[in-house]
Amino acid sequence: MWLRPCCLFSPPPPPYLFFTKISITTNLKFLCNSSHRLVMEDQTINENKSNDPKPSDYPIPLSPPLPAISKQIELNRAMSASSLSSLFSLSSKDVIFEDEWLIVVNKPQGVYCENLLSSIPSLLMNSTDLTIPIFEKKPPELHLANRLDRDTSGLMVITKSHKVAGKLVQAFTDHKIRKTYIALCIGSAPKWENISIKSGHGRSKFGVWRVYAASDVGRTLPGGSTVRAMATTFQVLSVNRQGKFIEPTKSRPNEEEYVVIEDKGVVCGDGNDEVIVRAYPRSGRTHQIRLHCQYLGIPIRGDVKYEGFNEWKGETFDGHSLHAETLLFDHPVTGLEVELRAPLPLWASQALQPEGG
C-alpha cells in the first residue's frame, strides 16, 4: 500500500483528504467496534452461531445487523408512501427525455416504482409534444427498465414496447449502462479522494442484505442463494460544504486499483462530517451503494437500515439522501449514445454550496 497526498479542492488542501491507491492483492483492514450498535434481537448478533448443524459452512457477514430503531421507522415510511400513492402523478417537468420508444423521468423521493409506472399513461396522453405518437389504437406496452428504492430519487427509464424492454433490461443486466449517484453521508471525513472497493453481497440468515468478503463470492447462504460480487467506485465532492460540483468521469478503474474487502468495515457514528460523494456502481446489486457507504463508515443521511442518521441538526428525515444522477447508454433502437442527467435535489444543491452562499 502506498499513499500519495492529493487534494480534491483548491489550495490550501483540507488535511483529511488523500488519494489512496491499493493493489488488488492487498486487503483493506479496518478496526470495527460494534458495541455502539443497537440490534433488533440478541440472536442477530450471533446469527452465524445458530443451531444449524454446520453453521461454519455459511459465510459470516462483514456489515452489522439492522439497527433496532430502523424497523418502526421503515414501517412508518412505507405506510406514508402507500397512503400518498393514490395522489401521485407525474408532470411534464419530470420528463428528462422522451421519444417513441422510451420515456425517462426524474422520480421523486418517497415514491414506489409501481406507482410511478401507473402514472405514465396519463402523462403520455397529456403530452403536448407533437413529435411523439399518440397511441390511439393500442396503448403502449410500458415496462420499468430499471428500478430505484422507494426513497431514492432520480432517473428512471420506462420503455414503450416489449421488444425495446427486453433489449434495455438486458443492457442493465450486463452492466453496459453506466450510472452515477449522488449521496449525502454523515460520518468521519474520508482520508481518500477516490476509492474503488470490491466485496461480496447477499442475504443473511434473517433475510437482510449484507456485505460479505470478496473471497466468499460463490458460497452458499442460509436461504439457499449465493454470495455475489459487487463493486463500487466513490469520489468525494465535498466535506462540510468545502468542495464543489465536478463532472462525472467516464473512465473505469483498472482491476489493480480495487480494494478487495475481506475484513469488517469502519465504525459508523464516530464522526459528524457531512460528506457528499458520487458513486459509480460497477454492478447492480440491491442496496449496493447504501451498503458500501455504511461499510466505509459514511452511512447515507436518513438511511436508518444501514446506520444513517434519522435526525440531524434538528431535522427529521422522511427518507435517505441518495439520488440517481446520470445514465449513459446506447439507444436500444437507434444505437446512438444517450447521456441523461437529472437535476440535483435541494439537499444536494445546498450541501455543495459553501455556508452562507
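All values derive from a computational prediction rather than experimental measurement.
Under the 4.5 Å side-chain criterion, counting only non-hydrogen atoms from C-beta, Ile158 is not in contact with Leu102. Between Val304 and Glu74 the shortest side-chain heavy-atom distance falls below 4.5 Å. Side-chain contact check for Tyr58 versus Leu221: every heavy-atom pair is 4.5 Å or farther apart. In this structure the side chain of Leu62 never reaches within 4.5 angstrom of the side chain of Asp216, judged on heavy atoms. When side chains are defined from C-beta on, Leu142 does not count as touching Ile103, because their heavy atoms never get closer than 4.5 Å. In this structure, the side chains of Pro343 and Asn106 come closer than 4.5 Å at one or more pairs of heavy atoms. For the pair Pro190 and Leu296, the minimum side-chain heavy-atom distance is 4.5 Å or more. Side-chain contact between Ser153 and Pro108 is absent, with no heavy atoms from C-beta onward closer than 4.5 Å.
The aromatic rings of Phe234 and Trp192 lie tilted to each other, with the angle between the two planes from 30° to 60°.
Closest non-hydrogen pair, Gly200 versus Met230, comes out as O-CE, 3.6 Å. Closest of all the heavy-atom pairs between Tyr280 and Pro248 is OH-CA, 3.4 Å. Taking every heavy atom of both residues into account, Thr286 and Leu291 meet most closely at O-CD1, 3.9 Å. Closest approach of Ser204 to Pro61, counting heavy atoms only: CB-CG, 4.4 Å. A pairwise comparison of heavy atoms in Ser118 and Asn115 identifies OG-O, 2.8 Å as the closest pair. Val227 approaches Pro59 most closely through the heavy-atom pair CG2-CG, 3.9 Å.
By the rule that hydrophobic residues join a cluster once side-chain heavy atoms approach within less than 4.5 Å of another member, Ile300 and Ile197 end up as members of one cluster. Follow the hydrophobic side-chain contacts under 4.5 Å out from Val95 and you reach Phe88 in the same cluster. Under the 4.5 Å side-chain heavy-atom criterion for grouping Ile, Leu, Val, Met, Phe, Trp and Tyr, Ile120 is not connected to Val169 through any hydrophobic cluster. Hydrophobic cluster membership is shared by Trp101 and Phe172, with clusters built from Ile, Leu, Val, Met, Phe, Trp and Tyr side chains linked at under 4.5 angstrom. Hydrophobic clustering (ILVMFWY, side-chain heavy atoms < 4.5 Å, transitive): Met156 and Leu340 are in distinct clusters.
Atom CD in Glu307 sits 4.5 Å away from atom CD in Gln294 (nearest 0.5 Å). Taking CG from Leu123 and OG from Ser89, the interatomic distance works out to 9.0 Å, rounded to the nearest 0.5 Å. In this structure, Asn254 CG and Ser196 OG are separated by 9.5 Å, a value rounded to the nearest 0.5 Å. Between the CG atom in Leu322 and the SG atom in Cys293 there is a gap of 7.5 Å [rounded to 0.5 Å]. Atoms CG and OG, on Asn310 and Ser70 in that order, are 10.5 Å from each other to the nearest 0.5 Å. For the atom pair OG (Ser283) and CZ (Arg285), the distance works out to 5.0 Å, reported to the nearest 0.5 Å.
If you check the side chains of Thr159 and His143, you find no donor sitting under 3.5 Å from an acceptor. Looking at Tyr181 and His323, their side chains never bring a donor and an acceptor atom within 3.5 Å of each other. A donor-acceptor contact under 3.5 angstrom links the side chains of Thr180 and Glu325, judged on distance only.
The pair Glu262-Lys198 fails the salt-bridge criterion, with no side-chain N (NZ, NE, NH1 or NH2) lying under 4.0 Å from an Asp/Glu carboxylate O. A salt bridge links Lys250 to Glu339: one of the charged nitrogens lies within less than 4.0 Å of a carboxylate oxygen. For the pair Lys160 and Asp99, the salt-bridge criterion is not met [side-chain N within less than 4.0 Å of a carboxylate O].
Judged by distance alone, the side chain of Asn240 and the main-chain N or O of Glu274 form a donor-acceptor pair under 3.5 Å. A donor-acceptor contact shorter than 3.5 Å is absent between the side chain of Ser199 and the backbone of Ala214. Looking only at distances, a side-chain donor or acceptor of Thr334 sits under 3.5 Å from a matching main-chain atom of Leu336. When atom types are taken as modelled, the side chain of Arg341 and the backbone of Thr326 share no donor-acceptor pair closer than 3.5 angstrom. Using a distance-only test at 3.5 Å, with no hydrogens or angles considered, a donor-acceptor pair links the side chain of Lys107 to the main chain of Val111. Listed for the Arg203 side chain is no donor-acceptor partner under 3.5 Å among the backbone atoms of Pro222. Using modelled atom types, one side-chain atom of Gln288 and one backbone atom of Ala231 make a donor-acceptor pair closer than 3.5 Å. At least one donor-acceptor pair under 3.5 Å links the side chain of Ser122 to the backbone N or O of Ser119. With hydrogens and angles ignored, the 3.5 Å screen pairs no side-chain donor or acceptor of Thr226 with any backbone N or O of Thr220. With hydrogens and angles ignored, the 3.5 Å screen pairs a side-chain donor or acceptor of Asp273 with a backbone N or O of Ala189.
For the pair Arg228 and Tyr212, the cation-pi criterion (under 6.0 Å, within 45° of the ring axis) is not fulfilled.
Remark: Phe317 engages Arg301, Trp312, Glu315 in a side chain to side chain contact (heavy atoms under 4.5 Å, CB included) (not counting sequence neighbours). By the salt bridge (Lys or Arg N to Asp or Glu O under 4.0 Å) test, Asp94 is found to be paired with no residue, residues two or more places apart in sequence or in another chain being considered.
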Give the C-alpha distance, both sets of side-chain angles, the deciding distance and a yes or no for side-chain contact (heavy atoms from CB on, under 4.5 Å) between Ile182 and Trp347. CA-CA 10 Å; Ile182 294 284; Trp347 56 259; 4.1 Å; yes
Test salt bridge (Lys or Arg N to Asp or Glu O under 4.0 Å) applied to Glu114 and Arg147, step by step: CA-CA 9 Å; Glu114 290 73 17; Arg147 303 180 71 89; 2.2 Å; yes
Any chance you could lay out the side-chain contact (heavy atoms from CB on, under 4.5 Å) test for Leu75 and Lys71, step after step, and finish with the verdict? CA-CA 6 Å; Leu75 178 60; Lys71 186 175 182 180; 6.0 Å; no
If you apply the rule side-chain contact (heavy atoms from CB on, under 4.5 Å), what do you find for Ile246 with Lys244, and how did you get there? CA-CA 6 Å; Ile246 57 178; Lys244 63 180 180 179; 4.1 Å; yes
The test is side-chain hydrogen bond (donor to acceptor under 3.5 Å, both in side chains); show your working for Thr152 and Gln109 and say whether it passes. CA-CA 6 Å; Thr152 301; Gln109 184 188 67; over 6 Å; no
Between Val105 and Ile96, is a side-chain contact (heavy atoms from CB on, under 4.5 Å) present by the stated rule, with each step listed? CA-CA 5 Å; Val105 299; Ile96 304 299; 5.8 Å; no
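Open room surrounds CG on Asp318; 12 or fewer heavy atoms of other groups in view lie less than 6.0 Å from it.
Of the candidates Lys305, Arg290, His320, Arg290 is the only one forming a side-chain hydrogen bond (donor to acceptor under 3.5 Å, both in side chains) with Asp149.
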